[in-house]
Amino acid sequence: MGDVRDRVADVWGDRTPHAKDTAWPVRVDQELSVAEAEVERWVQSACVLCSNGCACDIAVKDGRMVGVRGRATDRINHGRLGPKGLYGSWQWSDEDRLTQPLVRRGSELVETSWDEAMDRIVAESKKRHPLRHGFYTSGQLFLEEYYTLAVIGKAGLGTPHMDGNTRLCTATAAAALKETFGSDGQPGTYNDIEACDALFLFGHNMAATQTVLWSRVLDRVQGPDTPLVVAVDPRSTPVAEIARRTGGVHLSPLPGTNQALMNGLLRELIEHDWVDHDWIGRHTIGYDDLAATVAPYTPDKVAEICGVPADAIRRTAEIFGTSDRVLSTVLQGFYQSHQATAASCQVNNLHLLRGLIGRPGCGVLQMNGQPTAENTRECGADGDLPGFRNWANPAHIDELARLWNVDPLVIPHWAPPTHAMQLWRYVEQGSIDFLWISATNPAVSLPELPRIRDILAKDDLFLVVQDGFLTETAQYADVVLPAALWGEKQGTFTNASRTVHLSEQAVDPPGQARSDLAIFLDYAHRMEFRDKDDRPLIRWSTPEEVFEAWKECSRGRPCDYSGLTYDVLRGGSGIPWPCTTDAPDGTDRLYSDWVFPTEPDVCEDYGHDLLTGASTTPDKYKATAPGGRAFLKAAEYTAAPEHPTDEFPLIATTGRSPYHFHTRTKTGRAPRLRAAEPKVWVELSKPDAEGLGLHEGERAVVESRRGQVEAEVRIGEPREGVVFLPFHFGYWDNESGPPSAANELTVTEWDPVSKQPMFKVSAVRVRKTGE
Ligand SMILES: Nc1nc2c(c(=O)[nH]1)N[C@H]1C(S)=C(S)[C@@H](COP(=O)(O)OP(=O)(O)OC[C@H]3O[C@@H](n4cnc5c(=O)[nH]c(N)nc54)[C@H](O)[C@@H]3O)O[C@H]1N2
Ligand SMILES: Nc1nc2c(c(=O)[nH]1)N[C@H]1C(S)=C(S)[C@@H](COP(=O)(O)OP(=O)(O)OC[C@H]3O[C@@H](n4cnc5c(=O)[nH]c(N)nc54)[C@H](O)[C@@H]3O)O[C@H]1N2
Ligand code: SF4
Ligand SMILES: [Mo]
């Protein structure tokens with residue numbers, strides 16, 4: 001079955017309803033700029049415009065990408081693609097692609113050769129102590145690129161200052177999984193959608209941000225045995241609308257109050273004894289402490305803190321407490337807040353209280369956002385060590401040292417790796433003055449942009465930016481490296497459901513652009529990194545060779561890739577890790593044996609106090625004798641660091657539109673998507689708009705203590721007191737226009753455990769433009 005409808009007007013496409021516990025039907029989506037008969041080759045890949053990882057084939061003609069088609073045989077999307085996958089992955093104009101390296105001469109960036117650009121980088125690098133180097137990478141490169149970068153940073157230079165924009169994105173997913181289960185690793189699977197009786201979305205606007213996954217949910221909702229849907233979001237999103245339609249609940253908490261709400265839900269479960277005491281006795285630690293912590297959070301008290309009706313809290317808890325199989329997803333409404341890890345752990349706790357884990361339909365999906373964020377984490381290109389190893393466990397450091405044939409002391413592990421918010425602080429203070437940014441655009445995506453621009457513009461900073469386009473960030477660089485993008489290079493990546501896909505090279509990169517892998521390898525060779533025996537530290541050159549090396553690094557760890565090969569990944573569908581000789585087809589669902597990776601010699605982290613972020617010492621951790629049990633971790637609610645005042649009476653929250661991806665470097669250049677949402681807007685509730693005398697379509701200024709944005713007014717979705725702005729609109733196509741980036745407004749604050757910044761709460765005021 002095919003579906004050729006316009007996916008801008010009709011984001012989720014035709015319904016293919018089906019019953020519970022039956023397979024999601026196939027529907028193949030395709031978009032071509034030429035007649036199908038003219039396509040010369042179809043090249044296997046998967047979409048890199050969100051964490052869903054929809055498998056597709058790229059159509060090629062005359063050396064150019066001319067379309068995409070969803071792969072019917074793939075376990076993730078069963079043929080479907082959403083608007084970004086269909087139009088944003090290849091339809092962008094490449095007129096202004098970077099095709100040659102650039103170096104700064106005075107105030108100008110001028111074209112240069114690869115040799116000169118790389119020599120300049122290497123000269124600056126050799127001049128400096130390793131600890132003056134910082135690397136800020138992405139959730140959008142390939143596994144092979146991250147692993148190479150991680151080895152360069154950890155065993156070549158020996159700097160702890162490496163993190164990804166994944167800190168802004170999925171750091172909390174990783175943190176919440178480590179705190180509860182001992183290690184990162186998605187417990188659930190997308191297949192739980194077919195099997196669940198209730199679906200909870202915590203701060204996740206799946207309808208806009210994983211549009212294909214939402215089609216999968218809609219096909220259950222429209223079939224027989226409709227699951228009850230619960231949406232927790234201060235805006236009335238399409239998810240909230242479906243929640244109401246299924247007889248579920250839309251809870252609309254004030255931004256920043258998730259932890260109070262979660263404590264309230266847990267208390268209700270305990271009060272009604274919707275608890276599997278036998279199961280938690282055998283498989284968890286911490287019940288008494290959890291019960292004591294949540295005891296004061298009565299429905300009335302929570303109703304007051306969160307601004308939601310007490311009965312809605314009761315009903316929500318009842319749905320969780322009495323449905324046979326519950327699937328939960330968690331994303332930025334929870335992750336980008338001041339109690340991010342705490343609130344996300346409470347979702348895990350709801351499942352643990354009832355033993356709803358490791359069984360069909362009972363998944364927890366601590367979601368990813370970016371397409372390859374999972375790999376940043378696994379490979380240790382963020383503030384983690386490769387293979388989910390524990391930086392505080394000397395045996396794990398020894399394993400890496402043996403694998404790389406280096407002295408364990410070379411691998412930085414004397415303190416936790418530097419998280420991105422701290423990395424930027426070090427650059428601000430000048431202790432890091434060599435910063436290499438790859439595949440991310442912090443001049444638009446980091447909080448408090450006026451501050452970030454000052455940091456990027458520092459005279460004593462040597463800045464390398466590696467991207468396909470001359471982004472807002474690249475304009476500050478001393479050296480700009482032109483990168484090959486998706487379709488122009490080969491590699492693998494892993495989606496939010498642990499499924500690994502291979503993306504083949506379909507076309508040549510433009511001009512002299514090179515893959516990120518080739519660039520990192522060139523740097524490693526020029527730096528002459530050596531192992532203990534004076535052999536080159538990095539002895540691979542092709543993506544497949546890196547993949548083979550990575551398999552060894554992952555062997556025996558929770559994210560075990562040892563049973564995978566490029567050829568196996570060409571077999572029709574992506575495959576979920578762990579994939580080993582014992583599980584050659586991969587593993588759909590983790591923890592079906594209810595043994596969690598919490599043993600001290602296995603776990604990725606010894607954990608933290610959720611309220612303060614203080615680390616648990618190894619000895620204290622060992623004393624809890626986890627024995628494969630999961631942790632029920634508790635925390636009180638604390639108020640957000642920003643709150644409405646007389647001067648700034650509204651809360652601004654930020655997020656996404658279905659048509660644009662982040663700072664729009666691709667989707668802003670794809671004509672269909674650009675036309676769908678050409679410029680920034682601000683959403684207000686009806687009463688707030690009336691109070692301010694604002695009407696739909698008028699222009700308004702939104703101001704915080706840090707900056708301002710001018711935007712078009714839309715009236716509708718947020719709850720009263722809350723305004724919403726998409727963060728997509730930087731300045732590359734709006735250099736002389738009024739400020740349009742939501743991060744002009746946001747604040748430099750972060751969660752104490754995951755260190756993920758708080759993009760979802762800023763105090764603002766709004767006025768009509770010109771008043
Ligand atoms: N179309 C599109 N899809 C994308 C992306 C994109 O840019 N565009 N980016 C991808 C990436 S990297 C990511 S991380 C994901 C993000 O995917 P989501 O997390 O679904 O997206 P957001 O819009 O950032 O935030 C989700 C919701 O959180 C709500 N929210 C705000 N504050 C609070 C709060 O205090 N509590 C609660 N409960 N909810 C709150 C917002 O109203 C919003 O609807 O999307 C991925 N998919
Ligand atoms: N206010 C607010 N701010 C936010 C968020 C929010 O919800 N609200 N969400 C945060 C989240 S979750 C995220 S993930 C970040 C995203 O923030 P960014 O990572 O800054 O956003 P992107 O626009 O995706 O930037 C990726 C860059 O990589 C380039 N690129 C793409 N592919 C490749 C490649 O293969 N190689 C190289 N070298 N470059 C490539 C693209 O051209 C683009 O410039 O934003 C964060 N910022
Ligand atoms: S849901 Fe995500 S991965 Fe799938 S087509 Fe859309 S953007 Fe691409
Ligand atoms: Mo993200």
Side-chain angles (χ1 to χ4, degrees), residues 7 11-12 29 46-56 68 70 76-77 80-89 138-140 164-173 201-216 231-240 251-259 261-262 306 308 329-340 343 367-373 440 445 495-496 501 640 651-664 667 673 677 683 717-719 722 724-728 742 756 758-761:
R7 198 65 79 251
V11 172
W12 309 294
D29 294 339
C47 176
V48 285
L49 292 174
C50 87
S51 59
N52 208 49
C54 297
C56 61
V68 286
I76 294 303
N77 52 325
R80 289 163 189 75
L81 294 172
K84 289 194 279 54
L86 280 175
Y87 312 128
S89 57
S138 184
Q140 298 175 42
N165 65 356
T166 46
R167 188 64 57 186
L168 323 180
C169 183
T170 56
T172 301
L201 295 102
F202 293 98
H204 183 191
N205 184 11
M206 190 197 284
T209 57
Q210 273 86 18
T211 60
V212 170
L213 201 57
W214 187 243
S215 307
R216 194 163 178 166
V232 182
D233 195 310
R235 292 188 304 143
S236 187
T237 60
V239 176
L251 285 174
S252 183
L254 275 166
T257 64
N258 295 322
Q259 181 63 13
L261 181 72
M262 295 309 295
C306 303
V308 295
T329 75
V330 194
L331 202 46
Q332 298 310 357
F334 268 46
Y335 294 170
Q336 293 172 337
S337 66
H338 68 295
Q339 290 195 292
M367 288 297 295
N368 298 346
Q370 289 176 93
T372 76
T440 180
S445 57
N495 82 345
H501 286 115
I651 296 178
T653 195
T654 60
R656 292 160 165 82
S657 131
Y659 306 112
H660 283 302
F661 186 63
H662 301 163
T663 73
R664 291 176 308 130
T667 53
L673 300 176
E677 298 287 23
E683 290 172 20
E717 289 194 336
R719 59 167 290 152
V722 175
F724 173 88
L725 295 105
F727 81 101
H728 303 302
Q756 182 156 350
M758 185 182 80
F759 288 115
K760 297 292 192 245
V761 185

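Atoms within a ligand are numbered from 1 in the order they appear, just like the ligands themselves.
- Residue Lys84 touches ligand 1 through its side chain alone, judged by heavy-atom distances below 4.0 Å.
- Using a 4.0 Å cut-off to heavy atoms of Val232, the atoms of ligand 1 that qualify are 37 (C), 38 (N), 39 (N).
- Looking at His204 next to ligand 1, no N or O pair under 3.5 Å apart turns up.
- Backbone and side-chain nitrogen or oxygen atoms of Gln332 are examined, and one is located within less than 3.5 angstrom of a nitrogen or oxygen of ligand 1.
- Atom numbering of ligand 1 starts at 1 in the shown order; those under 4.0 Å from a heavy atom of Gly369 are 10 (C), 11 (C), 12 (S), 13 (C), 14 (S), 15 (C), 46 (C).
- Residue contact annotation: His728 has a non-hydrogen atom under 4.0 Å from ligand 1.
- Relative to atom 7 (O) of ligand 1, the option among Met367, Met262, His662 with the closest non-hydrogen atom is His662.
- Considering backbone and side-chain atoms alike, Gly256 places an N or O below 3.5 Å from some N or O of ligand 1.
- Remark: His660 NE2 to Leu673 CG distance equals 6.5 Å, nearest 0.5 Å.
- For atom 16 (C) of ligand 1, the candidate residues are Leu331, Leu673, Val239, Thr663; the nearest heavy-atom contact is made by Leu331.
- Contact annotation for Ser657 and ligand 1: only backbone heavy atoms (N, CA, C, O) come within less than 4.0 Å of the ligand.
- Listed by number with element, the atoms of ligand 1 under 4.0 Å from a non-hydrogen atom of His660 are 1 (N), 2 (C), 6 (C), 7 (O), 8 (N).
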Residue pair Thr372, Gln140: steps toward the side chain to side chain donor-acceptor pair (under 3.5 Å) verdict: CA-CA 5 Å; Thr372 76; Gln140 298 175 42; over 6 Å; no
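- Looking only at atom types and distance, the side chain of His728 has no donor-acceptor partner in the side chain of Glu677 under 3.5 Å away.
- Taking any N or O of Phe202, backbone or side chain, none lies under 3.5 Å from an N or O belonging to ligand 1.
- With values rounded to the nearest 0.5 angstrom, Leu168 atom CG is found 7.5 Å from Gln336 atom CD.
- Distances between N or O atoms of Cys50 and those of ligand 1 include no value under 3.5 Å.
- Counting only heavy atoms from C-beta outward, the side chains of Val239 and Trp214 approach each other to under 4.5 Å.
- Taking SG of Cys54 as the start and CG of Leu213 as the end, the distance is 8.5 Å to the nearest 0.5 Å.
- Residue contacts with ligand 1, taken as heavy atom pairs separated by less than 4.0 Å, involve Thr653 solely via side-chain atoms from C-beta onward.
- Close contacts of ligand 1 with Ala208, meaning ligand atoms under 4.0 Å from a residue heavy atom, involve 1 (N), 2 (C), 3 (N).
- Residue-to-ligand polar distances keep Met206 apart from ligand 1: every N/O pair is separated by 3.5 Å or more.
- Counting the atoms of ligand 1 from 1 in the order shown, those under 4.0 Å from a heavy atom of Phe334 are 38 (N).
- Taking every heavy atom of Pro255 and a limit of under 4.0 angstrom, the matching atoms of ligand 1 come to 34 (C), 35 (O).
- Neither the backbone nor the side chain of Phe759 has any atom closer than 4.0 Å to an atom of ligand 1 (non-hydrogen atoms only).
- Between Lys760 and ligand 1, an N or O atom pair is found at a separation short of 3.5 Å.
- For the pair Gln210 and ligand 1, the shortest N or O to N or O distance does not fall below 3.5 Å.
- The proximity of Ser337 to ligand 1, defined as any non-hydrogen pair under 4.0 Å, does not occur for either the backbone or the side chain.
- Numbered from 1 in the order shown, with element, the atoms of ligand 1 that lie under 4.0 Å from a heavy atom of Pro658 read 1 (N).
- Distances between N or O atoms of Gln370 and those of ligand 1 include no value under 3.5 Å.
- Residue contacts with ligand 1, taken as heavy atom pairs separated by less than 4.0 Å, involve Asn258 solely via side-chain atoms from C-beta onward.
- With no hydrogens or angles considered, a side-chain donor-acceptor pair links Asn165 and Gln370 at under 3.5 Å.
- Backbone and side-chain nitrogen or oxygen atoms of Cys169 are examined, and none is located within less than 3.5 angstrom of a nitrogen or oxygen of ligand 1.
- Counting all heavy atoms, side chain and backbone alike, Asn77 lies closest to Ala55 at ND2-O, 2.8 Å.
- Within the protein, the N, O or S atoms sitting under 2.8 Å from atom 4 (Fe) of ligand 3 are Cys54 SG.
- A pairwise comparison of heavy atoms in Pro253 and Asn258 identifies CG-OD1, 4.1 Å as the closest pair.
- When side chains are defined from C-beta on, Pro658 does not count as touching Thr209, because their heavy atoms never get closer than 4.5 Å.
- Between Ala652 and Leu725, the shortest heavy-atom distance links the atoms CB-CD1, 4.2 Å.
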